[in-house]
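Only a predicted model underlies this, so the values are computations on that prediction, with no experimental measurement involved. Every chain is numbered from 1 and lettered A, B, ... according to where its sequence line falls, protein lines coming before strand lines.
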Amino acid sequence: GQNIDQPTEMTATEGAIVQINCTYQTSGFNGLFWYQQHAGEAPTFLSYNVLDGLEEKGRFSSFLSRSKGYSYLLLKELQMKDSASYLCAVKEAGNMLTFGGGTRLMVKP
Amino acid sequence: DAGVIQSPRHEVTEMGQEVTLRCKPISGHDYLFWYRQTMMRGLELLIYFNNNVPIDDSGMPEDRFSAKMPNASFSTLKIQPSEPRDSAVYFCASSLSLGQGDYEQYFGPGTRLTVT
(Lines give C-alpha, C1' and ligand atoms only; values in the text may rest on other atoms or scores of the structure.)
Protein backbone atom coordinates (compact mmCIF):
# COMPACT_ATOMS: atom_id res chain seq x y z
CA GLY A 1 0.00 0.00 0.00
CA GLN A 2 0.99 3.63 0.12
CA ASN A 3 1.64 5.88 3.07
CA ILE A 4 2.57 9.54 2.87
CA ASP A 5 3.07 11.43 6.13
CA GLN A 6 3.34 15.15 6.76
CA PRO A 7 2.77 17.25 9.88
CA THR A 8 -0.80 18.49 10.11
CA GLU A 9 -0.02 22.07 11.09
CA MET A 10 2.94 24.40 11.43
CA THR A 11 3.31 28.00 12.51
CA ALA A 12 6.12 30.36 11.55
CA THR A 13 6.94 34.05 11.68
CA GLU A 14 7.00 36.44 8.75
CA GLY A 15 10.54 36.72 7.34
CA ALA A 16 11.66 33.41 8.83
CA ILE A 17 12.49 30.05 7.23
CA VAL A 18 10.29 26.97 7.59
CA GLN A 19 10.86 23.36 6.57
CA ILE A 20 7.91 21.06 5.89
CA ASN A 21 8.82 17.38 5.93
CA CYS A 22 7.25 14.50 4.04
CA THR A 23 7.99 10.80 4.40
CA TYR A 24 6.61 8.19 2.08
CA GLN A 25 6.30 4.45 1.65
CA THR A 26 4.86 3.63 -1.75
CA SER A 27 4.80 0.60 -4.00
CA GLY A 28 6.35 2.60 -6.84
CA PHE A 29 8.21 5.87 -7.20
CA ASN A 30 8.50 8.06 -10.27
CA GLY A 31 8.89 11.43 -8.62
CA LEU A 32 7.66 13.61 -5.79
CA PHE A 33 5.63 16.80 -6.11
CA TRP A 34 4.79 19.66 -3.81
CA TYR A 35 1.60 21.62 -4.30
CA GLN A 36 0.34 24.75 -2.55
CA GLN A 37 -3.33 25.16 -1.76
CA HIS A 38 -4.85 28.34 -0.36
CA ALA A 39 -8.10 27.98 1.53
CA GLY A 40 -11.03 27.58 -0.82
CA GLU A 41 -8.82 27.34 -3.88
CA ALA A 42 -7.36 24.62 -6.10
CA PRO A 43 -3.89 23.13 -5.55
CA THR A 44 -1.14 24.73 -7.62
CA PHE A 45 2.18 23.17 -8.57
CA LEU A 46 5.31 24.21 -6.67
CA SER A 47 8.08 21.72 -7.36
CA TYR A 48 9.08 18.32 -8.64
CA ASN A 49 11.96 16.03 -7.59
CA VAL A 50 12.85 12.73 -9.17
CA LEU A 51 16.58 12.56 -8.36
CA ASP A 52 18.20 12.94 -4.95
CA GLY A 53 19.19 16.44 -4.00
CA LEU A 54 17.91 19.96 -3.74
CA GLU A 55 15.87 21.83 -6.34
CA GLU A 56 15.74 25.57 -5.82
CA LYS A 57 13.11 27.86 -7.22
CA GLY A 58 13.21 31.36 -5.82
CA ARG A 59 12.15 31.44 -2.18
CA PHE A 60 11.09 27.79 -2.36
CA SER A 61 13.38 24.74 -2.41
CA SER A 62 12.56 21.04 -2.34
CA PHE A 63 14.82 18.19 -1.31
CA LEU A 64 14.55 14.46 -1.98
CA SER A 65 16.27 11.38 -0.56
CA ARG A 66 14.92 8.30 -2.29
CA SER A 67 16.83 5.85 -0.09
CA LYS A 68 15.22 7.38 3.00
CA GLY A 69 11.79 7.92 1.48
CA TYR A 70 12.02 11.54 2.56
CA SER A 71 11.45 14.97 1.14
CA TYR A 72 11.16 18.47 2.49
CA LEU A 73 9.92 21.80 1.23
CA LEU A 74 11.89 24.81 2.42
CA LEU A 75 10.29 28.23 2.37
CA LYS A 76 12.54 31.24 2.92
CA GLU A 77 11.74 34.87 3.73
CA LEU A 78 8.22 33.91 4.68
CA GLN A 79 5.43 36.23 3.67
CA MET A 80 1.89 36.40 4.99
CA LYS A 81 0.62 35.17 1.62
CA ASP A 82 2.52 31.89 2.17
CA SER A 83 -0.16 30.90 4.69
CA ALA A 84 -1.68 27.90 2.96
CA SER A 85 -1.71 24.11 2.93
CA TYR A 86 1.27 22.36 1.37
CA LEU A 87 0.62 18.96 -0.17
CA CYS A 88 3.26 16.32 -0.77
CA ALA A 89 2.39 13.88 -3.58
CA VAL A 90 4.16 10.82 -4.95
CA LYS A 91 3.90 9.78 -8.58
CA GLU A 92 3.56 6.03 -8.71
CA ALA A 93 2.67 3.86 -11.68
CA GLY A 94 1.48 5.55 -14.80
CA ASN A 95 0.61 9.16 -14.18
CA MET A 96 -1.15 8.73 -10.86
CA LEU A 97 -0.40 11.00 -7.92
CA THR A 98 -1.01 9.93 -4.33
CA PHE A 99 -1.31 12.89 -1.99
CA GLY A 100 -0.41 13.24 1.66
CA GLY A 101 -2.88 14.86 4.03
CA GLY A 102 -1.26 18.25 3.67
CA THR A 103 0.43 20.61 6.12
CA ARG A 104 -1.41 23.78 7.04
CA LEU A 105 1.13 26.57 7.46
CA MET A 106 0.19 29.70 9.36
CA VAL A 107 2.50 32.68 8.99
CA LYS A 108 2.25 35.22 11.79
CA PRO A 109 3.46 38.82 11.78
CA ASP B 1 -5.60 29.43 -22.04
CA ALA B 2 -8.58 29.48 -19.70
CA GLY B 3 -7.27 26.62 -17.61
CA VAL B 4 -9.35 23.69 -16.45
CA ILE B 5 -13.02 24.62 -16.30
CA GLN B 6 -15.47 22.99 -13.92
CA SER B 7 -19.18 23.45 -13.45
CA PRO B 8 -21.09 24.03 -11.38
CA ARG B 9 -18.89 25.73 -8.78
CA HIS B 10 -21.38 24.99 -6.03
CA GLU B 11 -24.08 22.36 -5.86
CA VAL B 12 -26.57 21.78 -3.08
CA THR B 13 -28.86 18.82 -3.46
CA GLU B 14 -31.00 16.51 -1.41
CA MET B 15 -30.12 12.96 -0.57
CA GLY B 16 -31.22 10.56 -3.28
CA GLN B 17 -30.91 13.04 -6.12
CA GLU B 18 -28.62 12.61 -9.10
CA VAL B 19 -25.64 14.95 -9.33
CA THR B 20 -23.56 15.59 -12.45
CA LEU B 21 -20.26 17.43 -12.29
CA ARG B 22 -18.62 18.68 -15.47
CA CYS B 23 -15.05 19.32 -16.52
CA LYS B 24 -13.32 20.80 -19.56
CA PRO B 25 -9.57 20.06 -19.52
CA ILE B 26 -6.88 22.30 -20.94
CA SER B 27 -6.76 21.93 -24.71
CA GLY B 28 -4.07 19.47 -25.78
CA HIS B 29 -3.82 17.70 -22.45
CA ASP B 30 -4.28 13.97 -22.81
CA TYR B 31 -4.69 13.06 -19.13
CA LEU B 32 -7.72 13.93 -17.04
CA PHE B 33 -8.12 13.23 -13.32
CA TRP B 34 -11.07 13.43 -10.93
CA TYR B 35 -10.28 14.01 -7.23
CA ARG B 36 -12.36 14.39 -4.10
CA GLN B 37 -11.19 16.44 -1.12
CA THR B 38 -12.55 16.32 2.41
CA MET B 39 -11.14 17.39 5.75
CA MET B 40 -11.09 13.81 6.98
CA ARG B 41 -9.56 12.07 3.97
CA GLY B 42 -7.64 14.81 2.20
CA LEU B 43 -7.26 14.75 -1.58
CA GLU B 44 -8.15 11.38 -3.10
CA LEU B 45 -7.88 10.29 -6.70
CA LEU B 46 -11.16 8.83 -7.91
CA ILE B 47 -10.44 8.00 -11.55
CA TYR B 48 -8.23 9.11 -14.40
CA PHE B 49 -8.41 8.99 -18.19
CA ASN B 50 -5.77 8.91 -20.88
CA ASN B 51 -6.88 9.86 -24.37
CA ASN B 52 -10.50 9.61 -23.21
CA VAL B 53 -10.07 6.03 -21.96
CA PRO B 54 -10.48 5.25 -18.24
CA ILE B 55 -7.16 3.88 -16.98
CA ASP B 56 -7.69 3.43 -13.26
CA ASP B 57 -11.00 3.73 -11.42
CA SER B 58 -9.94 1.96 -8.24
CA GLY B 59 -10.56 5.13 -6.27
CA MET B 60 -14.23 5.33 -7.18
CA PRO B 61 -15.94 4.69 -3.85
CA GLU B 62 -19.06 2.85 -4.95
CA ASP B 63 -21.23 1.92 -7.88
CA ARG B 64 -23.14 5.10 -7.24
CA PHE B 65 -20.22 6.95 -8.83
CA SER B 66 -19.56 6.89 -12.56
CA ALA B 67 -17.37 8.96 -14.87
CA LYS B 68 -17.27 9.39 -18.61
CA MET B 69 -15.12 11.18 -21.12
CA PRO B 70 -16.95 11.18 -24.46
CA ASN B 71 -14.33 13.39 -26.13
CA ALA B 72 -11.04 15.13 -25.47
CA SER B 73 -12.65 18.32 -24.23
CA PHE B 74 -15.32 17.09 -21.84
CA SER B 75 -15.76 14.77 -18.88
CA THR B 76 -18.52 14.14 -16.35
CA LEU B 77 -18.63 12.65 -12.88
CA LYS B 78 -22.05 11.43 -11.87
CA ILE B 79 -23.33 10.40 -8.46
CA GLN B 80 -26.63 8.58 -8.32
CA PRO B 81 -28.18 8.46 -5.83
CA SER B 82 -26.28 11.04 -3.79
CA GLU B 83 -25.78 10.68 -0.03
CA PRO B 84 -24.73 13.19 2.66
CA ARG B 85 -21.31 11.52 2.97
CA ASP B 86 -20.62 12.49 -0.65
CA SER B 87 -20.38 16.13 0.46
CA ALA B 88 -16.89 17.30 -0.54
CA VAL B 89 -15.00 19.44 -3.02
CA TYR B 90 -14.53 17.63 -6.32
CA PHE B 91 -11.55 18.69 -8.41
CA CYS B 92 -10.81 17.93 -12.02
CA ALA B 93 -7.21 18.16 -13.21
CA SER B 94 -5.47 17.66 -16.53
CA SER B 95 -1.90 17.16 -17.68
CA LEU B 96 0.28 16.36 -20.63
CA SER B 97 1.91 12.99 -21.08
CA LEU B 98 5.64 13.50 -20.85
CA GLY B 99 6.80 9.93 -20.30
CA GLN B 100 8.87 9.72 -17.18
CA GLY B 101 9.73 13.38 -17.18
CA ASP B 102 8.41 16.04 -14.92
CA TYR B 103 4.91 17.25 -15.59
CA GLU B 104 2.34 18.97 -13.50
CA GLN B 105 -1.34 18.50 -13.08
CA TYR B 106 -3.38 21.65 -13.53
CA PHE B 107 -6.39 21.73 -11.24
CA GLY B 108 -9.74 23.29 -11.93
CA PRO B 109 -11.42 25.52 -9.33
CA GLY B 110 -13.44 22.61 -7.95
CA THR B 111 -17.11 21.94 -7.35
CA ARG B 112 -18.26 22.21 -3.75
CA LEU B 113 -21.00 19.61 -3.33
CA THR B 114 -23.34 19.62 -0.35
CA VAL B 115 -25.84 16.79 0.00
CA THR B 116 -28.49 17.39 2.65
Shortest non-hydrogen separation from A/E41 to B/F91 and the atoms involved: O-CZ, 3.8 Å

Distance (rounded to the nearest 0.5 Å) between A/F33 CZ and B/E104 CD: 8.5 Å

Within one Ile-Leu-Val-Met-Phe-Trp-Tyr cluster: A/M10 and A/F60, side-chain cutoff 4.5 Å: yes

Heavy-atom contact with chain A under 4.5 Å, split by part of B/Q105: both

CD/B/E14: more than 12 non-hydrogen atoms of other groups inside 6.0 Å: no

Contacting region of B/F33 [heavy-atom separation from chain A under 4.5 Å]: side chain

Pick from A/G40, A/P43, A/A89 with the largest number of heavy-atom pairs that fall under 4.5 Å of chain B: A/P43

Over 12 non-hydrogen atoms of neighbours within 6.0 angstrom of CE in B/M15: no

Proximal component of A/L97, with respect to chain B [non-hydrogen, under 4.5 Å]: both

Test side chain to side chain contact (heavy atoms under 4.5 Å, CB included) applied to A/M96 and B/Y48, step by step: CA-CA 8 Å; A/M96 290 177 57; B/Y48 78 97; 2.9 Å; yes

Shared hydrophobic cluster for B/V12 and B/V115 (ILVMFWY, side-chain gaps under 4.5 Å): no

Connected via hydrophobic side-chain network under 4.5 Å: B/Y35 and B/V19: no

Same cluster (ILVMFWY, side-chain, under 4.5 Å), A/I20 and A/M106: no

Engaged part of B/L45 at the chain A interface, taking heavy atoms whose separation is under 4.5 Å: side chain

Shared hydrophobic cluster for B/Y90 and B/F49 (ILVMFWY, side-chain gaps under 4.5 Å): yes

Nearest heavy-atom neighbours spanning B/P109 and A/A42: CA-CB, 4.3 Å

Approximate separation, where rounding is to 0.5 Å, of B/F107 CZ and A/F45 CZ: 11.5 Å

